[in-house]
Structures are given as structure tokens and as C-alpha cells.
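Below, chain A is the first sequence line, B the second, and so on; all start at residue 1.
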Number of protein chains: 2
Amino acid sequence: MSTTGIPAQLGRRRITSRAELEHVAFELFDRQGFEGTTIDDIAVAAGIGRRTFFRYFPSKNDVPWGNFEDELDRMRGWLAACPPQWPLMDAIRLAIVDFNKVPPEDERWHRRRMQLILGVPVLQAHSTLRYAEWRQVIADFVAERTGHPCDGLLPQTVAYAMLGVAIAAYEQWLQDDHGNLSELLDTAMRDLAAAFGDGLPLRVEPGR
Amino acid sequence: MSTTGIPAQLGRRRITSRAELEHVAFELFDRQGFEGTTIDDIAVAAGIGRRTFFRYFPSKNDVPWGNFEDELDRMRGWLAACPPQWPLMDAIRLAIVDFNKVPPEDERWHRRRMQLILGVPVLQAHSTLRYAEWRQVIADFVAERTGHPCDGLLPQTVAYAMLGVAIAAYEQWLQDDHGNLSELLDTAMRDLAAAFGDGLPLRVEPGR
DNA sequence: TGACCTTTGGCACTGAGTGCCTTTAGTGTC
DNA sequence: GACACTAAAGGCACTCAGTGCCAAAGGTCA
């Protein structure tokens with residue numbers, strides 16, 4: 001019998017959660033590396049069956065992704081709410097910066113997560129599939145603003161390019177323990193615009 | 001005994017070639033789909049051992065990639081040879097268009113290849129790893145031209161963005177049996193530049 | 001013929017992911 | 001308390017990709 005107003009869920013209760021499995025798994029990844037950790041390792045460490053693991057995550061590759069869907073909803077909402085008079089690319093730039101804002105207490109965890117996703121080849125590959133949803137959010141926005149179909153060349157091009165910019169900024173962020181992600185994303189977007197704008201406006205430091 | 005001036009190679013002769021395996025595999029992919037084709041299928045069809053397959057390709061995912069390395073060398077050469085007074089992004093645009101020029105007789109094969117790479121999720125994912133080399137060619141060029149380090153934010157951002165543009169153009173090309181790849185690549189690059197240039201210069205057709 | 005070299009491919013193994021089916025831990029009802 | 005009902009858990013067996021090891025095959029040259 002349920003004493004709360006919430007209707008009690010039928011059937012056996014879930015024994016663990018994505019978040020808990022994520023923690024257990026990350027612990028192992030830290031010690032043994034991603035490739036060096038088997039699903040069995042994770043299942044044993046979490047005290048569940050191997051088969052059960054796959055009821056929480058479709059694959060080992062999805063573990064580092066947490067609740068990406070929810071984040072996407074946030075970005076979608078942000079773009080929908082942004083004033084229509086803002087220039088298209090400015091809106092996108094601000095959306096991307098906002099989307100990737102992380103509360104300071106979560107920063108360490110976010111770093112760990114992204115270090116895996118962008119550092120481990122298998123995950124790097126797998127990420128392409130997850131990014132598709134992210135790109136579609138941008139593409140839909142561009143489509144709506146420009147009147148192009150959302151699978152048309154322009155919206156897709158902008159979406160793909162913006163994803164690239166974001167990834168490049170993330171990689172820089174991971175290279176430096178004290179880098180500022182928001183700044184990097186903003187700079188990357190502006191640099192690309194500048195590169196298109198007037199030839200080579202940027203000969204800053206000696207390269208190699 | 002060798003009658004030609006070419007020194008005969010020592011040891012057992014290779015029994016097949018990447019190109020031949022590629023052909024055999026594509027045949028099967030057409031009939032059974034990529035996922036529906038096992039390495040065993042390919043090996044049997046090619047009359048070789050399963051183990052031998054892996055001496056020609058590091059993985060099933062690499063089969064559709066043909067001789068990508070050689071193509072990359074071509075693009076590298078093109079960029080190295082391009083007049084230094086050309087504006088950076090124009091040079092890159094032309095390099096990308098040139099890199100993706102395919103002789104008419106190879107177009108059908110190239111379509112098949114790209115349909116796999118961009119259409120099958122596993123391959124889509126795997127492609128990320130192959131694209132890394134492509135990106136580096138662009139990044140190195142940008143680095144040299146701008147004086148930034150080649151793993152710096154600007155070169156990497158441009159490289160990632162350009163890759164995105166190219167993929168978006170390819171996807172459009174695959175959607176239409178008679179599309180012109182060079183035109184699409186060129187348009188995609190210019191569209192992105194325009195999007196950065198002046199807000200929304202492009203409200204062309206009704207979207208949805 | 002025999003020394004030498006390289007490719008081939010068989011065998012056994014690991015590890016991811018899946019389908020099927022039983023068990024377990026909950027619910028509400030009589 | 002016994003019962004039907006429900007959903008999660010997880011065991012089992014299987015497929016398939018990929019790898020390490022090693023012996024056999026097919027070439028060269030002296």
C-alpha cells in the first residue's frame with residue numbers, strides 16, 4: 001500500500017541507476033582505463049549481473065554520456081526563447097556557450113567525462129552518433145530562421161561546422177587544466193568568423 | 001628466376017589485394033547490407049582464410065576506405081603548391097573541391113563508398129578516426145599560414161569546421177542521384193561564410 | 001637439394017552485445 | 001495469507017569482431 005499520493009510503481013524495484021553505474025564505471029576507468037575495463041568488471045563492482053548492465057546502457061560506449069538528452073532539451077529551449085532579432089550566428093554562439101556552462105562543482109566531473117569521450121578512440125568514434133542529435137538542434141534552428149528545409153545544405157552545413165567549432169574548443173580546454181571553456185568556445189566561434197571575414201587577421205604567436 | 005630487371009620479392013606471394021577484397025566485400029554489402037555481412041562471408045567469397053582478411057584490413061570498418069592515405073597526400077601537395085597570396089579560406093575551399101574531384105568513371109563507385117561511410121552508423125562512427133588525418137592536413141596549412149601552432153585553437157577550429165562543411169555537402173550529394181559534388185562543396189563553403197558575414201542573407205525557399 | 005623468407009590460415013581465446021526464458025521482488029485483491 | 005499480476009534481474013547460450021600464437025605453404029636464391 002502506498003501512503004504517498006504518488007502511485008506506487010508496479011513490479012520489482014530497480015536495483016541501481018544509470019548515475020550509480022556511471023560512478024562505479026568511472027572509478028574503474030580511472031584505474032584500468034576504458035579499454036582495460038570489461039562489462040563484467042563493471043557489473044561485478046556494481047553488484048549486478050552482466051545482462052542487467054545492458055538494461056541501463058545500450059553499450060559500454062554510452063556510459064560516459066550521462067543524461068545528454070536532458071541537456072539537449074535545455075539548448076533547444078534556449079534557442080526557442082532567444083529574441084528573433086538577434087543575428088543568427090550570434091544566437092548560435094551564445095547558445096553553445098550557454099549549453100556548455102557547467103556549475104563549478106561539476107567541472108571536475110565534466111572534465112573526466114569529456115577526457116574520455118574525446119580521448120579514447122572508440123569513444124571518439126562513438127560520439128559521432130550522439131552528436132547527431134546535437135547537430136539537429138542547431139540545424140532546426142537555422143532552418144526555422146532562414147526558411148530552408150532542416151535537412152537542407154545550409155542548415156546542415158552550419159550545424160556540422162558549429163559542432164566542429166565546439167569540439168575544437170573542448171580539446172583546447174582539456175589540454176589546459178585551468179582553461180575557461182566558455183571563453184574558448186566564444187573565441188573559437190569568433191576566430192572562425194574572422195577567418196572568413198578578412199583573409200588572415202590573425203598572426204599572433206610563432207607557430208611551428 | 002626473374003627475367004625482368006625488377007628484383008623478385010622474397011617469400012610467398014600475396015594471394016589477393018586490398019582492391020580485390022574491397023570488390024568482393026562491396027558485392028556482399030550490396031546484397032546483405034554491411035552489418036549483415038560477416039568477415040567469414042567475405043573470406044569465403046574471396047577464397048581466403050578469416051585470419052588472412054585481417055592482414056589486409058585492420059577491421060571490417062576499414063574496407064570502404066580504399067586508399068585514403070594516397071588521396072590525402074594529393075591534398076597536402078595541392079595546398080603546399082598553392083600561391084601564398086591567395087586568401088586562406090579561398091585556398092581551403094578550392095583545395096577541398098579539388099580533393100573531392102572524382103573522374104566520371106569512378107563516380108558510381110565513389111557514391112557507393114560514401115553511401116556506406118555516411119549511411120551505416122558503425123561506419124559513420126568509425127569515420128571520425130579516419131577524418132582525423134584529413135583534419136590535420138587542413139590544420140597544418142592554417143597553422144603555417146597564420147603562424148599559430150598546428151594544435152592551437154584556430155587551426156583546429158578551422159579544420160573541424162571545414163570537415164563539417166565537407167560532410168554536409170556530401171550528405172546532400174548522396175540525397176540526389178544527379179547532384180554535383182564540386183558545386184555542393186563550393187556552395188556549402190560560401191554559405192557558411194555568408195552566414196558569418198551578414199546575419200541572414202539567405203531566405204531562399206520555404207522550409208518546414 | 002636445402003637454407004631462407006614471407007604469407008597464409010588454423011586454433012583457441014577474449015570481450016561486446018543479443019535473444020530467450022526463468023526467477024525474484026514488488027504491487028493490489030480476495 | 002494465498003493469489004494473480006507486473007516489471008526488473010540475471011543466467012545461459014549464442015554470434016561476431018578482433019588477436020596472439022604457431023605450423024604449414026609457397027616462393028626465392030645458392
Inset, instruction - Measure from CG on A:Asp40 to C1' on D:dG11 and round the result to the nearest Å. - result: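 Distance, rounded to whole Å: 12 Å.
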Legend entry - Nearest-angstrom distance from the residue atom CZ of B:Arg51 to P of D:dC16: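 So the CZ-P distance, B:Arg51 to D:dC16, works out to 19 Å.
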Inset, instruction - Decide if the gap between the ring center of B:Trp65 and the ring center of B:Phe57 is smaller than 6.0 angstrom. - result: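 Between B:Trp65 and B:Phe57, the centre distance exceeds or equals 6.0 Å.
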Inset, instruction - To the nearest Å, give me how far apart CG (A:Leu10) and P (C:dA25) are. - result: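 From A:Leu10 CG to C:dA25 P: 17 Å.
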Legend entry - Ring geometry between B:Trp173 and B:Tyr170 (parallel below 30°, tilted from 30 to 60°, perpendicular above 60°):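 Ring orientation, 0 to 90° scale: perpendicular.
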Legend entry - Minimum-distance nucleotide to A:Arg12 side chain [options: C:dT24, C:dG26, C:dC21]: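 Of all the options, the side chain of A:Arg12 is nearest to C:dT24.
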Legend entry - Protein-nucleotide distance (B:Arg13, atom CZ; D:dT28, atom C1'), rounded to Å: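 Taking atom C1' of D:dT28 as the reference, CZ of B:Arg13 is at 10 Å.
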Inset, instruction - Tell me which of A:Thr37 and A:Arg55 sits closer to the 5' end of DNA chain C, going by the nucleotide each one is nearest to. - result: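 Whichever sits nearer the 5' end wins; that is A:Thr37.
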Legend entry - Phosphate OP1/OP2 of D:dC16 contacted by B:Thr38 side-chain N/O (<4.0 Å):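 For D:dC16, neither OP1 nor OP2 has a side-chain N or O of B:Thr38 closer than 4.0 Å.
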Inset, instruction - Answer yes or no: side-chain N or O of B:Arg14 and base N or O of D:dG27 forming a donor-acceptor pair under 3.5 Å. - result: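 Between D:dG27 and B:Arg14, which were checked side chain against base, a qualifying N/O pair under 3.5 Å is absent.
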Legend entry - Closest to the A:Lys60 side chain, choosing from C:dC11, C:dT8, C:dA16: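 Shortest atom-to-atom distance from the side chain points to C:dA16.
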Inset, instruction - To the nearest Å, give me how far apart CZ (A:Phe54) and P (D:dA8) are. - result: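 To the nearest whole Å, that distance equals 18 Å.
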Legend entry - Nearest-angstrom distance from the residue atom CZ of B:Phe53 to C1' of D:dA17: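 In whole Å, D:dA17 C1' lies 10 Å from B:Phe53 CZ.
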Inset, instruction - Just call it for B:Gly49: base, sugar-phosphate, or nothing, with non-hydrogen atoms closer than 4.0 Å on any strand. - result: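 Result for B:Gly49 = sugar-phosphate.
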Inset, instruction - Write down the distance between CD1 (B:Ile15) and C1' (C:dT6), rounded to a whole number of angstrom. - result: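 Answer to the nearest Å: 13 Å.
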Legend entry - Length of the CD1-P vector between B:Ile39 and C:dG10, whole Å: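 Computing the B:Ile39:CD1 to C:dG10:P distance gives 15 Å.
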Legend entry - Phosphate contact (C:dT7 OP1 or OP2) by B:Tyr56 side-chain N/O below 4.0 Å: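 No, outside the criterion.
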Legend entry - Base C:dG17 paired with A:Arg50 side chain (donor-acceptor, <3.5 Å):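 Under the 3.5 Å cut-off, the side chain and the base do form a donor-acceptor pair.
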Legend entry - Presence of B:Thr52 side-chain N/O under 4.0 Å of C:dG9 phosphate oxygens OP1/OP2: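 So the side chain of B:Thr52 is within the cut-off, an N or O lying under 4.0 Å from OP1 or OP2 of C:dG9.
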Inset, instruction - Let me know, please, whether B:Pro58 or B:Gly11 comes out on the 5' side of the other along DNA chain D by nearest nucleotide. - result: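 Residue closer to the 5' terminus by nearest nucleotide: B:Pro58.
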Legend entry - Salt-bridge criterion met for A:Arg76 and A:Asp140 (N-O under 4.0 Å):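 Salt bridge: no.
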Legend entry - Between B:Glu71 and B:Asn67: side-chain donor-acceptor atoms closer than 3.5 Å: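 The criterion, which ignores hydrogens and geometry beyond distance, is not satisfied for B:Asn67 and B:Glu71.
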Inset, instruction - Look at the rings of B:Trp78 and B:Trp86 and say which category their plane angle falls in: under 30° parallel, 30 to 60° tilted, over 60° perpendicular. - result: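 Plane angle between 30° and 60°, so tilted.
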